[in-house]
Amino acid sequence: MKQISIRVSEHAFRRARKRLGWPKRAINRMAYRVWTFGTHIGAFSAAVMQSVCRDDHQFALRRFVLYGQHLFVFAVDERRNPVLCTVYRPSRAYLKNLIHLAKSSGSHVDPRRN
């Protein structure tokens, strides 16, 4: 099986260090882990997607991945490789809505992680 190559934008590096406290060498490893084991949520409206990823015009497809208590925003580049764009710490109420949305869309959500 082919290993997925995940890039991390400079903006995502800054946000992961600030919001998660991850050291720089851990961010690439954790980006792969989030993409592989996180809960992918695809049922977002276009308005939500534009407000979250307003600065990345070169990427056509965006994916939202819930992992732990954070929302990771990935884009897919022209070679179909994921690129971590940014990381958010949603409020508790918004996090509950995201978990409900993931469950209703058929995604498996582990309540111990989310």
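Just so you know, these numbers use all the heavy atoms, side chains as well, and skip hydrogens, waters and symmetry mates. Just so it is clear, the model here is predicted, and its values are computed rather than measured.
Of all heavy-atom pairs between Ala16 and Ile27, the closest is CB-CD1, 3.8 Å. Annotation for Arg89 and Gln69: closest pair NH1-CB, 3.0 Å, computed over non-hydrogen atoms.
Looking at Ser9, its side chain does come within 3.5 Å of a backbone N or O of Cys85 through a donor-acceptor pair.
Looking only at side-chain heavy atoms (C-beta outward), Val87 and Phe13 stay at 4.5 Å or farther from each other. Two residues are said to be in side-chain contact when any heavy atoms from C-beta on lie closer than 4.5 Å; Arg15 and Tyr88 fail this criterion.
In this structure, the separation between OG1 on Thr39 and CG on Leu71 is 11.0 Å, given to the nearest 0.5 Å. The NE2 atom of His11 sits 9.5 Å away from atom CG of Leu84, with the distance rounded to the nearest 0.5 Å. The structure places CZ of Arg7 at 11.5 Å from CG of Asn28, a figure rounded to the nearest 0.5 Å.
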Check: residues 29-38 side-chain donor-acceptor pairs under 3.5 Å, at least two apart:
residue : atom : partner : partner atom : Å
Arg33   : NE   : Tyr67   : OH           : 3.1
Thr36   : OG1  : Tyr32   : O            : 2.8

